[in-house]
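Worksheet: the structure to be examined is printed underneath.
The structure displayed is predicted, hence computed values, not measured ones.
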Amino acid sequence: MPASPLMNIMLAAARKAGRSLARDFGEVENLQVSVKGPGSFVTSADHRSEKILYEELAKARHGYCFLMEESGYVDGPDKSHTWIVDPLDGTENFLHGIPHFAISIGLQRDNELVAGLVYDPTNGDIYAAERGKGAFFNDRRIRVSARRRFAQCVVAIGKPRRGIMQFHELEQSVGGFRRTGAGALDLCWVAAGRYDAFIEEGIKPWDMAAGIVILREAGGFVCDINGGKEMLETNSIVAANNQTMMRGMQKLVAVSE
């Protein structure tokens, strides 16, 4: 991972919050859980992790704005910079004792995503990128896969808002589907060449901001479900290892409507 001052700040915050999550994960049965919405839960672990991330990032970069899953938008005097933070991506996995969740930290400067870090506290894995500096998995440079034929590709999907039957056309065209329940990690796995594409509607900015930077720096491409570049505004994303694959996936989903 590039050892820039910005990355060091992001990693230190993620590791500190990750230690809190790891402790809570070990006692997941004792957590206080409240229903936040259908199929979505918030735990005391989310709030503890978010508090740590907010305090550490605000201390290191005073005045930056924040957009966070639990607290929403927090204004700051520096309007040109916004931290986009998910303190626990994969909450349902966490609650069920499934060790597949992550902390996601993205940085937006003048409305452009410029840095991202995704940290998996269960094994210490780090995915990180700064714009123009490449993408890294721990200390190794990563690139997207070279697969181009749909039939050879594995596609990760989020929870389909339109119903799984609407993805029938896509299902018939690709090698296989995977749903792991952590969008930030799904994007990183496309960046690392494990998956070839990722599609989700209803995904929030804090779930994808960091992953978008990492994927782009790994040579990948992203668009929204309509084929545009408004992923954070439309809460949708189509990500792939090459532009042809990305557009093809977007068109297949559009056909399935």
Side-chain angles (χ1 to χ4, degrees), residues 10 36-40 42 50 53-54 57 64-76 78-91 102-118 127 129-132 135 155-163 166-167 170 181-188 190-191 197-218 220-240 243 245-257:
M10 295 167 72
K36 186 168 63 173
S40 181
V42 60
E50 185 170 282
L53 292 168
Y54 175 77
L57 294 172
Y64 283 17
C65 303
F66 281 80
L67 179 61
M68 300 179 287
E69 181 179 16
E70 305 303 340
S71 302
Y73 183 74
V74 179
D75 201 7
D78 186 344
K79 310 298 184 187
S80 62
H81 290 90
T82 301
W83 294 113
I84 304 178
V85 175
D86 191 340
L88 175 53
D89 181 47
T91 306
I103 292 167
S104 177
I105 306 171
L107 179 62
Q108 191 176 53
R109 178 184 299 130
D110 295 326
N111 296 318
E112 294 288 333
L113 294 170
V114 297
L117 184 143
V118 175
Y127 299 86
E130 288 184 74
R131 190 170 62 182
V155 178
I157 61 170
K159 189 180 295 182
R161 293 180 66 186
R162 313 178 196 199
Q166 301 244 330
F167 284 82
L170 182 58
L185 286 173
D186 286 336
L187 282 166
C188 291
V190 177
F198 169 61
I199 299 173
E200 184 167 1
E201 291 184 86
I203 186 172
K204 299 299 184 182
W206 43 80
D207 295 319
M208 58 176 156
I212 288 172
V213 182
I214 295 165
L215 178 61
R216 283 173 171 167
E217 287 299 311
F221 294 84
V222 295
C223 68
D224 61 37
I225 204 72
N226 302 310
K229 295 298 181 183
E230 307 301 318
M231 290 80 66
L232 303 188
E233 292 74 22
T234 62
N235 293 334
S236 67
I237 191 167
V238 181
Q243 196 165 21
M245 178 73 69
M246 178 190 71
R247 295 299 181 190
M249 291 289 174
Q250 188 271 325
K251 289 177 181 178
L252 281 171
V253 174
V255 166
S256 72
E257 292 186 48

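Legend: residues meeting side chain to side chain contact (heavy atoms under 4.5 Å, CB included) with A115, ordered by chain and number and at least two apart, are L6, M7, M10, L107, E130. Residues satisfying the side-chain hydrogen bond (donor to acceptor under 3.5 Å, both in side chains) criterion with D86, sequence neighbours excluded, are absent altogether. Residues that satisfy the side chain to side chain contact (heavy atoms under 4.5 Å, CB included) test with A182, not counting sequence neighbours, are D89, H100, L185. Residues forming a ring-ring contact (aromatic ring centres under 6.0 Å, His included) with F221 (at least two apart in sequence, or on another chain): none. Not a single side-chain hydrogen bond (donor to acceptor under 3.5 Å, both in side chains) links T82 to another residue, sequence neighbours left out. Take K79 and apply the salt bridge (charged side-chain N to carboxylate O under 4.0 Å, His left out) test, not counting sequence neighbours, and it matches D75.
Closest non-hydrogen pair, C65 versus G76, comes out as SG-N, 3.3 Å. When all heavy atoms of A218 and A191 are compared, the closest pair comes out as CB-O, 3.5 Å. Shown here for V222 and A239, the closest heavy-atom pair between the two residues is CG1-CB, 3.7 Å. Among all heavy-atom pairs drawn from A135 and I214, the shortest one is CB-O, 3.3 Å. Smallest separation of non-hydrogen atoms from V118 and A210: CG2-CB, 3.9 Å.
Remark: side-chain polar atoms of R109 are not paired, donor with acceptor, to backbone N or O of S80 under 3.5 angstrom. Listed for the K204 side chain is no donor-acceptor partner under 3.5 Å among the backbone atoms of L232. Listed for the Q108 side chain is no donor-acceptor partner under 3.5 Å among the backbone atoms of I84. Under a 3.5 Å cut-off, the side chain of E50 and the backbone N or O of S71 do form a donor-acceptor pair.
Between the CG atom of D224 and the CG atom of N235 there is a distance of 10.5 Å, given to the nearest 0.5 Å. To the nearest 0.5 angstrom, N111 atom CG is 11.5 Å from H81 atom NE2. Taken from CG in L88 to OG in S104, the straight-line distance is 11.5 Å, to the nearest 0.5 Å. Note that the CD atom of E230 and the CD1 atom of I225 stand 14.0 Å from one another [nearest 0.5 Å]. In this structure, CZ in F198 is found 10.5 Å from SG in C188, a value given to the nearest 0.5 Å. With rounding to the nearest 0.5 Å, the separation of CE in M208 from CG in L113 is 9.0 Å.
The shortest distance between side-chain heavy atoms of V114 and V213 does not fall below 4.5 Å. Using a 4.5 Å heavy-atom threshold, the side chains of P87 and I103 count as separate. A heavy-atom distance below 4.5 Å is found between the side chains of M68 and V74. Two residues are said to be in side-chain contact when any heavy atoms from C-beta on lie closer than 4.5 Å; D207 and I237 fail this criterion. E200 is not listed as a side-chain neighbour of S236, based on a closest heavy-atom distance of 4.5 Å or more. With a 4.5 Å cut-off on side-chain heavy atoms, E112 and R131 count as touching. Between C223 and R247, some side-chain heavy-atom pair lies under the 4.5 Å cut-off. Looking at V85 and E69, their side chains never come closer than 4.5 Å, going by heavy atoms from C-beta outward.
Note on ring orientation: taking the six-membered ring where Trp is involved, the planes of W83 and F66 are tilted (angle from 30° to 60°).
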message: Is there a side-chain contact (heavy atoms from CB on, under 4.5 Å) between L117 and Y127? Walk through the geometry before answering.
response: CA-CA 6 Å; L117 184 143; Y127 299 86; over 6 Å; no
